[in-house]
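What follows is a short report on a single structure.
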Amino acid sequence: MTAPQCPVAHEVFDQQYMRDPYGTYASLHEKGPVHRIMTPEGFPAWLVTGFEETRDALADRRLVRSIEYAGEDYRTLPLPAEFSTKTVATEDGAEHMRLRKFMNKSFAIKRVRALRKRVVELTDGYIDAMGESGETDLMTAIALPLPITITGDIMGVPDEDRANFQYWTDSMLGINTDVVREAGATMLGFLKRLIDDKRTNPGDDIFSDWIAWTDDDGKHLDDHELIGLGFMVLLGGYDTTVGMIGGGMLALLNDRPKLERLRANPEQIPDAVEELLRLYGTAHTGVRRFATEDMAIGGVDIKKGDVVLCSMGAADRDPLRFENPDEVDLDRPNLTHIAFGQGPHYCPGSELGRMEIAIAIETLLRRLPNLELAAPADSVQWREAYLIRAPKAIPIRY
């Protein structure tokens, strides 16, 4: 008897997906929790979309990020080697925990809470700059500059370099490999210069801390490891928050009764942020993982070396887990989501992201009573990406 053949890989992340990923997710849910796909970069992978299966896969120690476990079908992404190895996102086990300790210490709760006053002041200042009435783009007015400034502050990035954040993330998280490669090289050069500067002129920022701190064995981070940490903060800490402020406000502006409810009851906003994270979490697909042994996910056989992609964006809309999964439900009982991941790679900046999103929403609703969309919600264009998605622009009137 011959062994069963691997199913044909389908191009799930096509133009239809870029226009409406949630329609694609709904279709995939009807077919099962695990799917054989072809990525835009040209390698076959298993896409996990069921909630239970995705949550378990994110925490499964048999699925690792280290490229040494990749099978022969895998083609590495067009990023500099410094972003692909020796980073907190691409290591596992003891090495991951060694690097993770530096990240966790940087985003300790006490340090994050100390940023609240700064976030409030910045948000108020951006709204002041908008004037009492008019039309503008929500993304450029608030959703982009707030995380850019906070991330730049905590990393000690000079003001003149912060304008590059949007270019780097839009380019590196897109699907055009030539653009990804060019942006990656530019960002790598910036991080190298920043590290050199912090070694000579340390300040009150996490890069200076990382250079000064040592691990449990008394060893300092090398430049490659410092670059990896900086890369993750720029893409993971800045860009996901941009997308969630934009996506969350877009959802509320398109659902007036719920917006007015939160305006009248601002104490409910932190809980509402959790529902918005479930529904419009910016991180749609997790970093690629490799199976270290033959295994099964959702009844599907996965071979050693196979690439596995965990789709948090799909999982958080799984109809087997959530009733009316495509609706904003501010009273959803026992709400849990995996917008920030699960397991050892759970997002270390999740509390900072939550705080920025909640403050931005609360301040916009309180300060702008006549805030509304200046164009239909379905006309808003989004970045063409399957890893982290964000609106390009959201026209508003106030």
Side-chain angles (χ1 to χ4, degrees), residues 79-91 95-119 122 144-169 171-173 183-242 287 345 347-353 355-356 388:
L79 292 173
E82 288 85 349
F83 298 162
S84 304
T85 58
K86 293 183 70 175
T87 78
V88 72
T90 57
E91 296 296 328
E95 183 62 14
H96 169 256
M97 288 308 302
R98 183 180 74 86
L99 295 172
R100 175 83 181 208
K101 287 181 180 179
F102 288 86
M103 190 72 81
N104 288 348
K105 191 174 179 181
S106 299
F107 290 95
I109 294 296
K110 183 177 180 180
R111 187 169 194 168
V112 169
R113 288 175 178 169
L115 292 169
R116 173 172 288 275
K117 181 179 179 181
R118 173 69 166 157
V119 175
L122 285 170
L144 280 163
L146 177 60
I148 283 176
T149 303
I150 293 298
T151 302
D153 285 354
I154 64 177
M155 292 185 69
V157 176
D159 291 345
E160 60 270 21
D161 290 317
R162 299 181 187 187
N164 291 319
F165 284 17
Q166 184 181 6
Y167 160 71
W168 287 327
T169 55
S171 300
M172 295 174 67
L173 294 169
T186 304
M187 182 177 174
L188 175 60
F190 159 76
L191 288 171
K192 287 180 175 178
R193 292 192 302 274
L194 184 63
I195 291 169
D196 289 341
D197 178 66
K198 295 303 176 183
R199 289 192 189 282
T200 305
N201 305 295
D204 183 18
D205 56 80
I206 61 175
F207 247 122
S208 297
D209 289 342
W210 290 338
I211 290 170
W213 291 341
T214 58
D215 62 19
D216 293 343
D217 295 326
K219 292 175 56 180
H220 289 277
L221 294 172
D222 62 31
D223 282 6
H224 192 152
E225 292 164 335
L226 289 167
I227 287 169
L229 289 176
F231 171 74
M232 289 310 303
V233 172
L234 279 177
L235 264 70
Y238 149 72
D239 196 54
T240 52
T241 306
V242 171
V287 175
H345 288 279
C347 176
S350 60
E351 292 310 308
L352 177 58
M355 182 175 72
E356 291 181 69
I388 298 177

inquiry  = Once side chain to side chain contact (heavy atoms under 4.5 Å, CB included) is applied, do any residues pair with Asp223, and if so which ones, sequence neighbours excluded?
reply    = Ile195, Arg199, Leu226
message = What's the separation between atom CG in Asp215 and atom CG in Leu221, rounded to the nearest 0.5 Å?
response = 7.5 Å
request  = Would you name the heavy atoms of Cys347 and Arg100 that are closest together and state the gap between them?
outcome  = C-NH2, 4.2 Å
request  = Count the heavy atoms belonging to other residues, nucleotides or ligands that lie under 6.0 Å from CG of Asp204, then report whether that count exceeds 12.
outcome  = no
request  = To the nearest 0.5 Å, tell me how far Met355 CE sits from Thr241 OG1.
outcome  = 10.0 Å
query = If you round to the nearest 0.5 Å, how far is CG of Leu122 from CD1 of Ile148?
reply = 11.5 Å
request  = Mind running salt bridge (Lys or Arg N to Asp or Glu O under 4.0 Å) on Arg98 and Glu225 for me, showing each step along the way?
outcome  = CA-CA 11 Å; Arg98 183 180 74 86; Glu225 292 164 335; 2.3 Å; yes
key: Working for side-chain contact (heavy atoms from CB on, under 4.5 Å), residues Thr90 and Phe231   = CA-CA 12 Å; Thr90 57; Phe231 171 74; over 6 Å; no
Check: Glu351 and Phe107 side chains under 4.5 Å, non-hydrogen atoms = no
task = Please round to the nearest 0.5 Å and tell me the distance separating atom CZ of Phe207 and atom CD1 of Ile227.
result = 8.0 Å
key: Closest non-hydrogen atom pair, Ile388 against Asp239   = CG2-OD2, 3.2 Å
note = residues 147-156 vs side chain to side chain donor-acceptor pair (under 3.5 Å), sequence neighbours excluded, gives Arg118-Asp153, Tyr126-Thr149, Asp153-Arg162
remark   = When every non-hydrogen atom of Glu91 is compared with those of His345, the smallest separation belongs to O-CE1, 3.3 Å
request  = Would you mind reporting whether Leu352 and Arg111 have side-chain heavy atoms less than 4.5 Å apart?
outcome  = no
request  = Check whether any side-chain heavy atom of Leu194 sits under 4.5 Å from a side-chain heavy atom of Asp161, and report yes or no.
outcome  = no
query = Do Thr214 and His220 come within less than 4.5 Å of each other through their side chains, counting heavy atoms only?
reply = yes
inquiry  = I want to check something: taking the side chain as every heavy atom from C-beta on, are Met155 and Leu234 in contact at a cut-off of under 4.5 Å?
reply    = yes
task = To the nearest 0.5 Å, tell me how far Leu229 CG sits from Ile206 CD1.
result = 8.0 Å
More than 12 heavy atoms from other groups under 6.0 Å of CG on Asp216 = no
task = Report yes if some heavy atom in the side chain of Met232 is under 4.5 Å from a heavy atom in the side chain of Leu99; otherwise report no.
result = no
ask   = What's the spacing between Glu95 CD and Thr87 OG1 if we round to 0.5 Å?
value = 10.0 Å
request  = Would you please name every residue forming a side chain to side chain contact (heavy atoms under 4.5 Å, CB included) with Arg113, sequence neighbours left out?
outcome  = Ile109
ask   = Considering all heavy atoms of both residues, which atom of Ser208 and which atom of Pro202 are nearest to each other, and what is their separation?
value = OG-CA, 3.4 Å
key: Any side-chain heavy-atom pair of Val157 and Phe190 under 4.5 Å   = yes
